[in-house]
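Data block below; observations after.
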Amino acid sequence: MPTQAGAVFLSGARHEYQRYNNCGPATLGMALSYWGSSLNQYQIAPVLKPNKNDKNVSPEELAAFARKQGFGVHLGVAGDLNLLKRLLAGGFPVIIETWFVTPDHGGMGHYRLLVGYNDSQGHFNAFDSYYGPKVTLAYGEVDRLWQVFNRTYLVVYPPSRKGQVAALLGSRINERTELQMALELAQRETQANPNNAFAWFNLGSTLLQLGKAEEAAKAYDQSRRIAPDRTLDPRRPANALNNWPWRMLWYQFGPYEAYFKTGRYLEVVTLANDVLGRVDDHEESYYWRGLARQAQGNLEAARADFQAALRYKPGYLEAAMALQALRTQGNR
């Protein structure tokens, strides 16, 4: 592979400031604009988040929307700084999912579109839907904030550029291979720093994706025991249930799934109650609480949870299927 340039800046994307809770749709619109799309958050958000107050648009939802527009997408995990620079040098902006802290609102999830880097200054250039089009992010800070989301990244591209993307990604183009890379990275990081709560969380998420729910639950348990860097969680409520940043389960649902699959239904209900006690429109928490309540035999409460999930996200396929299965169960 040829040597990368020491600095790259990709021009051509259109910056867009987000409306409330709209960083996902706004950032995706910026990424699509680089390839000539005119779509912006005002067309994208109503599709991805019919509830305007929706706290989370997942990377999978962003990828699915882009694919429906005819674009190719690689949604990956366990990215690294060299990969980001390689993609940028190849002409591809990259969406990364990171933690984000503001003085007014505290810590939360946030997407950013990387459009360049500069090795001599040690930073990436980002189009940030909150702060603007001239944001620079130090390499070390990017990795620290990106780790919270298992270093998730999305590359959106025209189908005609698929071969070029594949060449830049190398073996990462294979999902199973990339998951194995994520597993090895999380294992290394938990061993190097056993008090890194996010490394343990990432280990749990990766084990879960590899079908190892018991091991995943144990990794999440370990993560919960460790108090992460409180600079990432200012304005933390005094009665927050977990050591995780208090908004952690707004965005990542692996603990729900791992505990559900290992029969720890009460913990699923307890975690979901904590989220829903602070925000009453979090559809994923309703869904997982509904499954746990159904498993506990509390069918009426489960039905109400699935209905609530669908009220806030009418296209929530898993919740619709769960509700239908519950109705079928009730008719037996």
Side-chain angles (χ1 to χ4, degrees), residues 23-24 27 55-64 73-84 87 94-101 107-114 124 137 139-155 169 171-213 215-224 226 228-229 232-233 242-245 247-259 261 271 284:
C23 82
T27 305
K55 307 300 184 291
N56 172 62
V57 176
S58 71
E60 291 79 10
E61 290 173 312
L62 296 180
V73 182
H74 178 79
L75 169 56
V77 293
D80 59 48
L81 303 188
N82 285 332
L83 171 67
L84 296 177
L87 289 163
V94 186
I95 296 172
I96 59 171
E97 187 175 19
T98 72
W99 200 246
F100 183 67
V101 179
M108 66 195 76
H110 189 55
Y111 292 104
R112 290 167 159 129
L113 180 69
L114 301 185
F124 287 102
L137 303 166
Y139 289 161
E141 186 68 357
V142 166
D143 193 61
R144 185 173 82 100
L145 299 175
W146 195 23
Q147 184 194 38
V148 180
F149 288 95
N150 208 7
R151 299 179 176 92
T152 293
Y153 66 99
L154 295 93
V155 187
L169 290 170
S171 62
R172 287 177 174 275
I173 199 72
N174 181 286
E175 180 181 2
R176 193 77 180 183
T177 299
E178 196 161 50
L179 279 176
Q180 187 61 38
M181 295 171 70
L183 178 63
E184 292 168 3
L185 174 62
Q187 288 171 334
R188 287 196 305 272
E189 292 188 329
T190 56
Q191 291 163 9
N193 183 359
N195 291 318
N196 186 327
F198 301 121
W200 285 104
F201 196 100
N202 293 340
L203 180 60
S205 298
T206 304
L207 286 165
L208 186 63
Q209 287 182 274
L210 290 168
K212 300 178 180 180
E215 293 178 51
K218 291 176 182 177
Y220 286 130
D221 288 343
Q222 185 62 27
S223 177
R224 290 170 72 183
I226 302 165
D229 183 352
L232 298 180
D233 200 22
N242 292 294
N243 276 328
W244 294 324
R247 290 187 173 104
M248 193 76 161
L249 295 184
W250 286 18
Y251 314 105
Q252 302 192 72
F253 318 117
Y256 287 149
E257 184 177 350
Y259 294 153
K261 286 183 173 178
L271 289 171
E284 293 90 353

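Residue numbers run from 1 in the order of the sequence given. Note that this is a predicted model, so its numbers are computed, not measured.
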| said: Please identify which of these residues, W146, F100, W250, meets the ring-ring contact (aromatic ring centres under 6.0 Å, His included) condition with H110. | reply: F100

| request: Just jot down the ring pair (Phe, Tyr, Trp, His ring centres under 6.0 Å) partners of F253, sequence neighbours excluded, or say none. | output: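 F253 satisfies ring pair (Phe, Tyr, Trp, His ring centres under 6.0 Å) with H282 once adjacent residues are dropped.
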
| remark: With sequence neighbours left out, the residues meeting ring pair (Phe, Tyr, Trp, His ring centres under 6.0 Å) with W244 are F201

Would you name the heavy atoms of [X] and [Y] that are closest together and state the gap between them?
X: S223; Y: A197; answer: OG-O, 2.8 Å
X: P255; Y: L249; answer: CG-CD2, 3.9 Å
X: E257; Y: L208; answer: OE1-CD2, 3.6 Å
X: T27; Y: Y111; answer: OG1-O, 3.5 Å
X: Q252; Y: S205; answer: OE1-OG, 4.4 Å
X: A216; Y: G204; answer: CB-O, 3.2 Å

4.5 Å side-chain heavy-atom contact, [X] and [Y]:
X: I96; Y: L84; result: yes
X: L185; Y: M181; result: no
X: L137; Y: L145; result: no
X: L83; Y: Y153; result: yes
X: Y251; Y: F149; result: yes
X: N150; Y: T206; result: yes
X: V57; Y: L62; result: yes
X: R176; Y: Q209; result: no

Pair [X], [Y]: side-chain N/O donor-acceptor within cut-off below 3.5 Å:
X: R112; Y: T98; answer: yes
X: N243; Y: R224; answer: no
X: H74; Y: E175; answer: no
X: D221; Y: Y259; answer: yes

| field | Side-chain donor/acceptor of N196 to backbone N/O of T190, under 3.5 Å | value | no

| said: With a 3.5 Å distance limit and no angle check, can you tell me whether W200 reaches the backbone of P194 through a side-chain donor-acceptor pair? | reply: yes

Please report the interatomic distance [atom1]([X]) to [atom2]([Y]), rounded to the nearest 0.5 Å.
X: Q147; Y: T152; atom1: CD; atom2: OG1; result: 12.0 Å
X: T177; Y: L169; atom1: OG1; atom2: CG; result: 11.5 Å
X: E284; Y: S58; atom1: CD; atom2: OG; result: 7.5 Å

| message | Would E97 and V148 count as a side-chain contact (heavy atoms from CB on, under 4.5 Å) here? Give the steps. | response | CA-CA 9 Å; E97 187 175 19; V148 180; over 6 Å; no

| request: Decide salt bridge (Lys or Arg N to Asp or Glu O under 4.0 Å) for E215 and K218; before the verdict, give the C-alpha distance in whole Å, the side-chain angles of both, and the deciding distance to 0.1 Å. | output: CA-CA 5 Å; E215 293 178 51; K218 291 176 182 177; over 6 Å; no

| query | Got more than 12 heavy atoms from elsewhere within 6.0 Å of CD, E184? | reply | yes

| Stepwise side-chain contact (heavy atoms from CB on, under 4.5 Å) check, Y220 with L203 | CA-CA 8 Å; Y220 286 130; L203 180 60; over 6 Å; no

| Charged N to carboxylate O under 4.0 angstrom, D233 versus R247? | no

| query | Is any side-chain N of the basic residue among E189 and R151 closer than 4.0 Å to the acidic one's carboxylate O? | reply | yes

| query | What pairs of residues pass the salt bridge (charged side-chain N to carboxylate O under 4.0 Å, His left out) test when at least one of them lies in residues 190-204, not counting sequence neighbours? | reply | none

| task | Test I95 against L114 for side-chain contact (heavy atoms from CB on, under 4.5 Å), laying out the working first. | result | CA-CA 6 Å; I95 296 172; L114 301 185; over 6 Å; no

